[in-house]
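As the structure is a prediction and not an experimental result, all values here were calculated from the model. In what follows, every chain begins at residue 1, and chains take the letters A, B, ... in the order their sequences are listed.
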Amino acid sequence: MTKKYAEYKGLDMPNVAQVVLDKWKKEQIFEKSIETRAGNKPFIFFEGPPSANGLPGIHHVMARSIKDIFCRYKTLKGFQVKRKAGWDTHGLPVELGVEKELGITKEDIGTKISVEDYNQACKEAVMRYTDIWNDLTTKMGYWVDMEEPYITYEPKYMESVWWLLGQLHQKGLMYKGYTIQPYSPAAGTGLSSHEINQPGCYRDVTDTTIVAQFKVASGSNSPFEGGEFNANTYFLAWTTTPWTLPSNTALTVGSKIEYVLVKTFNQYTYEPIEVILAKNLVNYQFSKGFLAVTAEEELNQYEKGAKTIPYFIKGECLGKDLIGIKYEQLLDFCLPAENPDKAFVVIGGDFVTTEDGTGIVHTAPTFGADDARVANEAGVPGMLVHDDKGNLVPLVDLQGKFRSEMGEFAGMYVKNDYYKAGEAPEKSVDVQIAIKLKTENKAFKVEKYVHNYPHCWRTDKPVLYYPLDSWFIKVTDVKERMIALNNTINWKPESTGSGRFGKWLENANDWNLSRSRYWGIPIPIWTSEDKSESICISSVEQLKAECEKAVAAGLMTENPFTAFEVGNMSKENYAQIDLHKNYVDLITLVSPSGKPMKREADLIDVWFDSGAMPYAQWHYPFENKELIDGHQGYPGDFIAEGVDQTRGWFYTLHAIATMVFDSVAYKNVVSNGLVLDKNGQKMSKRLGNAIDPFTTLAKYGPDATRWYMITNAQPWDNLKFDLDGITEVQRKFFGTLYNTYSFFSLYANIDGFDYSEADLAFEDRPEIDRWILSKLNSLIQEVETSFEQFEPTKAGRLIQDFVTNQLSNWYVRLCRRRFWKSDDAKDKLSAYQTLYTCLETVAVLGSPIAPFFMDQLFQDLNAVTQRHDVTSVHLANYPKVQLSHIQVDLEQQMEIAQNISSLVLGLRKKERIRVRQPLQKIMVPALNETFVKNISHVKDLILSEVNVKELELLAEDNSVLVKSIKPNFKTIGPKYGKLMKAISNTVANFSADDILFIEKNKGWKGEIEQESVTLDLEDFEINAQDIPGWLVASEGGLTVALDITLTEELKAEGIAREVVNRVQNLRKDSGLDVTDRIALKIDTNDFIKSAILANERYICSEVLAEKVEFISLNEEALLTEIEAEGDTKIAISK
RNA sequence: GUCAGUAUAGCUCAGUUGGUUAGAGCACACGGCUGAUAACCGUGAGGUCCUUAGUUCAAAUCUAAGUACUGACACCA
């Protein structure tokens, strides 16, 4: 043998990772793992792009481990797994970060700083932490192509996105609309829902709320009593935002809700009024200070100013009867600029409830999303007026102030929070409006109310819902198709797909694509000033041609794409162009009729960027067309991200794929849960409980970290991350595996085992070898199934159980002697081959999860044997399961051995008889033939394991056994369900004779509760329970009796074993080599001496001595205890 | 507030189509091993299977309601 198995001084997992990492880099193992699979079936993986704008956290290690595991596994299975890294580079977080650093606000962009400089700053900022990310990727062992990542700000990427938008435009799925969006006047920017949902953004605030009285217009017919309404009839509508009342243009009712007409008095003016509200809410609105009366006449007794106001319910109708009734404008500062005649009318809406308020919803289409929707459907205009430029604007400007139309309120901020400190008026707009309404007999009730309201995370001030002009994608048109396609996707866990994602699809709204920002992909639409003509650009080539036309038409002096060579896909060619806002906004195009066209000012939602990555990463369709069209790189076989991406990336991928390609974007998706701290709290810098991934990897190594994360909890469950857990994994799993390997290498090196001999036939190997190989093949099969089902946790736990419990604790422990003391060459060879195979297989099976450690293990083994023609486990193939080696009876036998041993050891423990003391006999009841066969196979094993000399099987009819009987509920249940309890009672009272009878007659017949019952033998569970007079233990149907009589002979043997134990310790302490022969001198009493003499040959062979010499020894000898303290002295020498 | 997910030993987690003694590891206690040794092994104690009601002969498991934690969604006026 030329090479030896590497031996290590200790287990240093961070070091293992470092060494293996260097090798991977030097030998380009990652690249090879893809190259060597060339021509094979691809396994298509999509990398969700992180933003290098922030630092990576421990949860990224989790998410990326999952991705890495399946890509590595599929590589083992022979697939070619290309994985391109990616960077998400656009978006608000980047912009806000840059604004903060430069000390500017959004308004300064374009004035204090040019858009060009600003975008340049963003571009630099966004890739700031690239190196740190790459470092983490490398150190944690995440294999992904970082050399050629896709970057969303690159011109090629942006061009593909434009192409996708062009497709949507062509299909008529894009439109421009006016919608209500969260807007922060203080920050001067719209907010995404993502920002609104930052922790702490929703806060309880106390607002002034008003139940306002909207006067029914004269001449309307009353559905309550027929005829016209009385002149003093009002609709009651509640609002928590009184500042929106001047913008009211409709009232919304639920068509199926019951409403009543109530005659009463206004509590502020004491005027007689009749009000309309939902029947269910009468008690709620008339709770304090009101009293119901049963006759209308009683109202006449009311005196102005009295504390209790009577009310009387005059009539009832359904909401649908109210629809169409007109009412007088509540606060008539101005009228809507468009269709004012259609305003101030009752309309229907499905969102109306009777949980609070009045069942009639004050509707201000300019400040409420639902409001805008129902008003639009009913043809009711919003309160929009013309500004000085003739644009339609709401009554509140972008700073959050009332416009000049608002009379005495003009110029006031609608919320006191928007004033600078100290400048806010004593009475807010809301309060002033309340006072005004009270005095005008238009307020039914004014109250303070606590509710949850979103705040801007930057300014801490409340958000306004404000109408903004936006581009939308008509997702609602393809909703059904999206749902159908989603049903073909394999979600892990299933509930995320059908539940969270499915429900989300069912309620999908149109996708608001617009962002009024600077750093992102511009919407490629150019429109003429009168909006009559527009063009959607979907390639640089097209834009260049359009520019050419514009130059010809004299709208531009030169074509900015002159240098760009159409059709040239080289980096250099694309490096000369930039499609960001600061460039494309300079371009004016010409319409077919010769009008100039300017670009729409907005950028697109960054989520579109990432959802476009399957195509844009390959610059599709301008390059790599066959990759997508030929299904070589699309759709994805597998993606994995955090569950927070459900409505993010998972959604945008799915939406774009459905709309543009009528396809799923991915076939399998794993959504992993959160990584919490060990107490289940969310990790955050603020709480100081965030775990730094780098220090963790440095301290514990990536393998233990990954193994812990994967095996501790299912990926989709939240992980309570506890560093002690990694330590445990390290010790328990890797420590054991390392020890097993060390044991193997130690002896394999001594014996020169290099697997050059042919494999011994499975049948020729000893029972225990066949057993562990059976277990191993079961493992191969089960791990494969787990990985195939995207269940990495199961796979890891299976491997861990095999290594620690089966291989190390049972196989190796029982087989140790075969490695160092066997004279049977064939037996030894079988042991080596078997253990080697186990270790090698474990290395492959575990390599997706622990890529470094398993690679070292694999290479250490393979370096000597060269059984695999590869230099890394990641280039190997997944082992083929040998079904014929899986032998259930063998596994059962060993289970019996393990269980009986455990029982005997338990008995010894109870009686305080150490295992070193041999005992004479155990008895086990023979339950049936199979059991007899099985146990006889493992008899010797049990005896040596528990240090007993004989095992006796008690035949079934042996009278010493006391048996117990139990009904088998599982088999009887379906037959005699209702009688179960009675049967159970009957069986419990069976005597030993009854049991014997049942066994002889293979069943039982009788009458229970007047019904005849026939039971087979298998309807009973008969177990041996006790052997009178013996020490007995039983568990799970197994019973063992132990003879604890100690004869002189046994005692002597026990003493001999104690002596061996002491001598071995002494050898070790004296630093002797395992092969050194010794001279053994003992000084002890006569009893022990005779015991030693009786077992001299055994002792000598164990400790490698010629003979035992009995002489008196001095203090230098080891003073020890065999039976009593200090009864023996032992000395050894070479 | 709405909708999901989770709830099993002190801690982290298993628990088969519902079947009668609910398991493992860690930690703890006690013991053992010592030719794998800064390892390791065995034994033991430790449970209101979140609560309540229901379905069933039988519920940790199925159903409903509630509680707690986590998440997603939400200007429900």
Checklist entry - Taking for each residue the nucleotide of RNA chain B with the nearest heavy atom, is it A/T711 or A/I972 whose nucleotide lies nearer the 5' end? => result A/T711

Item to check | Whole-Å P distance, B/U70 and B/A60 | outcome: 28 Å

Next on the checklist: Which nucleotide wins on minimum distance to the side chain of A/F743, given the candidates B/G25, B/A36, B/C75?
Outcome noted: B/A36

Next on the checklist: Any non-hydrogen side-chain atom of A/Y976 less than 4.5 Å from a side-chain atom of A/I1008?
Outcome noted: no

Checklist entry - Which part of the nucleic acid does A/L905 contact within heavy-atom distance under 4.0 Å: base, sugar-phosphate only, or nothing? => result sugar-phosphate

Checklist entry - Which one is paired to B/A29, where only Watson-Crick or G-U wobble pairs with both distances under 3.5 angstrom count? => result B/U43

Item to check | Selected nucleotide, minimal atom distance to A/V812 side chain, candidates B/C13, B/C73, B/A36 | outcome: B/A36

Checklist entry - Does B/G23 have a Watson-Crick or wobble partner in any strand here, with both distances under 3.5 angstrom, and which is it? => result B/C13

Checklist entry - For A/N809 and B/G42, is the shortest distance between a side-chain N/O and OP1 or OP2 below 4.0 Å? => result yes

Checklist entry - Given side chains that start at C-beta, do those of A/R908 and A/L919 come closer than 4.5 Å, heavy atoms only? => result yes

Checklist outcome for this item: A/H455 atom NE2 is separated from B/C75 atom C1', nearest whole Å, by 12 Å

Checklist entry - Choosing from B/U70, B/G35, B/A39, which nucleotide comes nearest the side chain of A/Y747? => result B/G35

Next on the checklist: So if I take every side-chain heavy atom of A/L674 and compare against B/G71, B/C57, B/G42, which nucleotide ends up nearest?
Outcome noted: B/G71

Checklist entry - Would a line drawn from the ring center of A/Y465 to the ring center of A/F367 be shorter than 6.0 Å? => result no

Checklist entry - If we take the C1' atom in both B/A14 and B/G47, what is their distance in whole Å? => result 15 Å

Checklist entry - How many Å lie between CZ on A/R797 and C1' on B/G25, as a whole number? => result 10 Å

Checklist entry - If we take the C1' atom in both B/C28 and B/G46, what is their distance in whole Å? => result 9 Å

Checklist entry - Which nucleotide in the set B/A58, B/C41, B/C26 lies at the smallest distance from any side-chain heavy atom of A/K981? => result B/A58

Item to check | Quiz item: A/S808 side-chain donor-acceptor pair to B/A36 base, under 3.5 Å | outcome: yes

Next on the checklist: Just to be sure I understand the rule, does A/S901 reach a base, reach only the sugar-phosphate, or reach nothing, if contact means heavy atoms closer than 4.0 Å?
Outcome noted: nothing

Next on the checklist: Checking contacts here: which listed nucleotide (B/G25, B/A27, B/C41) is nearest the side-chain heavy atoms of A/R813?
Outcome noted: B/C41

Checklist entry - Roughly how far apart, to the nearest Å, are B/C41 and B/A36 at atom P? => result 14 Å

Checklist outcome for this item: Among B/C13, B/G25, B/A36, the one nearest any side-chain atom of A/N739 is B/A36

Item to check | Base of B/U17 paired with side chain of A/K970 (donor-acceptor, under 3.5 Å) | outcome: yes

Checklist entry - In whole Å, what is the span from the CG atom of A/L281 to the P atom of B/C76? => result 17 Å

Item to check | Side-chain N,O (A/R816) to OP1/OP2 (B/A36) below 4.0 Å | outcome: yes

Item to check | Whether over 12 other heavy atoms sit under 6.0 Å from A/E1009 CD | outcome: no

Next on the checklist: Please classify the nucleic acid contact of A/G357 as base, sugar-phosphate, or nothing, using heavy-atom distances under 4.0 Å.
Outcome noted: nothing

Next on the checklist: In whole Å, I'd like the distance from the CD atom of A/E728 to the C1' atom of B/A24.
Outcome noted: 11 Å

Checklist outcome for this item: The residue, A/N712 or A/W810, whose nearest nucleotide of RNA chain B is more 5′ is A/N712

Checklist entry - Parallel, tilted or perpendicular: which fits the ring planes of A/F501 and A/W491, with parallel below 30° and perpendicular above 60°? => result tilted

Checklist entry - Are OP1 or OP2 of B/C11 and a side-chain N or O of A/K720 less than 4.0 angstrom apart? => result no

Next on the checklist: Taking B/G71 as the reference, what is the distance to B/C26 when you measure between their C1' atoms (whole Å, please)?
Outcome noted: 29 Å

Next on the checklist: Over all strands shown, is A/G735 touching base, sugar-phosphate only, or nothing at heavy-atom distances under 4.0 angstrom?
Outcome noted: nothing

Next on the checklist: With rounding to the closest Å, how many angstrom separate the P atoms on B/G15 and B/U55?
Outcome noted: 29 Å

Checklist entry - Between B/C69 atom P and A/N718 atom CG, what is the distance in whole Å? => result 15 Å

Item to check | Non-hydrogen atoms of A/A897 and A/S901 that approach each other most closely | outcome: O-OG, 2.7 Å

Checklist entry - When we call it a touch if two heavy atoms are under 4.0 Å apart, what does A/T240 touch: a base, just sugar-phosphate, or nothing? => result sugar-phosphate

Next on the checklist: In whole Å, measure the gap between the C1' atoms of B/U21 and B/A68 for me.
Outcome noted: 31 Å

Next on the checklist: If you define the side chain from C-beta out and look only at heavy atoms, does anything of A/K828 sit under 4.5 Å from A/F819?
Outcome noted: no

Next on the checklist: Please determine whether a side-chain nitrogen or oxygen atom of A/N968 lies at a distance below 4.0 Å from atom OP1 or OP2 of B/G19.
Outcome noted: no

Item to check | Separation of atom CZ in A/F802 from atom C1' in B/A24, rounded to whole Å | outcome: 18 Å

Checklist entry - Taking the side chain of A/P974 as heavy atoms from C-beta outward, which of B/A36, B/G19, B/A14 is closest to it? => result B/G19

Next on the checklist: Can you tell me the base-pairing partner of B/C69? Count Watson-Crick or G-U wobble geometry only, both distances below 3.5 Å, and say none if there is no partner.
Outcome noted: B/G5

Checklist outcome for this item: Against the side chain of A/W504, the closest entry in B/A58, B/C73, B/G25 is B/C73

Item to check | Euclidean distance, atom CZ of residue A/F733 to atom P of B/A39 [Å, nearest integer] | outcome: 19 Å

Checklist entry - Atom CG of A/N672 and atom P of B/G71: how far apart are they, to the nearest Å? => result 15 Å

Next on the checklist: Ring-plane angle category for A/Y8 and A/Y741, please: parallel below 30°, perpendicular beyond 60°, tilted otherwise.
Outcome noted: tilted

Checklist outcome for this item: Under a 3.5 Å limit on both distances, the Watson-Crick or wobble mate of B/U48 is none

Checklist entry - Contact class for A/Q714 (heavy atom, under 4.0 Å): base, sugar-phosphate, or nothing? => result sugar-phosphate

Item to check | Identity of whatever pairs with B/U63 - Watson-Crick or G-U, under 3.5 angstrom | outcome: B/A53

Checklist entry - P atom, B/G44 versus B/U8: distance in rounded Å? => result 25 Å

Item to check | Proximal nucleotide (of B/G35, B/C57, B/U17) relative to the A/K978 side chain | outcome: B/C57

Next on the checklist: What verdict does the ring-ring contact (aromatic ring centres under 6.0 Å, His included) test give for A/Y832 and A/Y747, after you've listed the backbone C-alpha separation in whole Å, the side-chain angles of each residue and the deciding distance to 0.1 Å?
Outcome noted: CA-CA 9 Å; A/Y832 275 124; A/Y747 293 106; 7.9 Å; no

